[in-house]
Q: 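Shown below is the structure under consideration.
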Amino acid sequence: EQSIDSIVNERIKEALQSLECNPPASASISCISVTNSGKLSSCPAGTSVTGCSCGYGCGSWDIRKETTCHCQCSVVDWTTARCCRLV
Amino acid sequence: EQSIDSIVNERIKEALQSLECNPPASASISCISVTNSGKLSSCPAGTSVTGCSCGYGCGSWDIRKETTCHCQCSVVDWTTARCCRLV
Amino acid sequence: EQSIDSIVNERIKEALQSLECNPPASASISCISVTNSGKLSSCPAGTSVTGCSCGYGCGSWDIRKETTCHCQCSVVDWTTARCCRLV
């Protein structure tokens, strides 16, 4: 006959394994740059736009639909979106 | 008389419910843009400044008190702060 | 003789303490700016580059080896990297 102790330990072990927080792996921020010719560049799904860079020294940009860098200067030959997520 | 098994399972279930990590919802990065006229734009509390954009093509900015984008060029008509947090 | 209840509670308490998820402290994004003279500025290990700023109004930058802001304009006297991580 199993001792109470061993029954208890077994049940606890099973319960905790299903919890996926044994302990939670430490998350971190991971970023990529996505560059396109022209005035628009979009981040892939699952990432967020944290900043943009534009050709011809242009520092005026805005973000459309929360996914796409838009460089506003009249002459811009490329656009880079900086895209970050948790890993 | 309750079996040991059922007592054990009951106690474990109660204990785990109080833990709020069943399992932890996966966090992600969420960002917004805050635009102001002039050379300053601040991020709301609880968010962090990840980058800034300035009018008149200006790409020179710094961040004041960790909350506020400051566009440095002599002529700047608007400033945008990119503000991110975990959700 | 210890009651089943107290044995069970004891074991559960011990098991959960080792789990470090009681409950997990809420993480947040923390950023710093790292500024250097010239056209390059790098983020410290453990942080990610979310954006860059450059002297002389330059808004054209790229990121090298995922750590270093590179300002591309011909005349650039300083470079700032915006570096973020989870805390």
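Since we're looking at a predicted model, the values are computed, not measured. A, B, ... follow the sequence lines: proteins, then strands. Residue 1 opens every chain.
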Q: Most heavy-atom pairs under 4.5 angstrom with chain C, which of Ser30(A), Cys83(A), Cys52(A)?
A: Cys52(A)

Q: Any side-chain donor-acceptor pair under 3.5 Å between Thr68(A) and Ser42(A)?
A: yes

Q: Which one, Gly57(C), Ser60(C), Cys71(C), Cys73(C), leads in non-hydrogen pairs under 4.5 Å with chain A?
A: Ser60(C)

Q: Against chain A, label Val76(C) side chain, backbone, both or neither, depending on which of its atoms sit under 4.5 Å from a heavy atom there.
A: neither

Q: Calculate, to the nearest 0.5 Å, the distance between atoms CD1 and OG1 belonging to Ile32(C) and Thr80(C) respectively.
A: 11.5 Å

Q: For the candidates Gly59(A), Ser28(A), Ser53(A), which exhibits the highest count of non-hydrogen atom pairs separated by less than 4.5 Å from chain C?
A: Ser53(A)

Q: So which part of Cys31(A) gets closer than 4.5 Å to some heavy atom of chain C, the side chain, the backbone, both or neither?
A: both

Q: To the closest 0.5 Å, what do you measure between CG (Leu86(C)) and CD1 (Ile29(C))?
A: 6.5 Å

Q: With no hydrogens and no angle check, do the side chains of Thr79(A) and Ser41(A) hold a donor and an acceptor under 3.5 Å apart?
A: no

Q: Measure distances from Trp61(A) to the heavy atoms of chain C and classify the residue's part below 4.5 Å as side chain, backbone, both or neither.
A: neither

Q: Could you verify whether a donor N or O on one side chain and an acceptor N or O on the other, from Ser33(A) and Arg82(A), lie under 3.5 Å apart?
A: yes

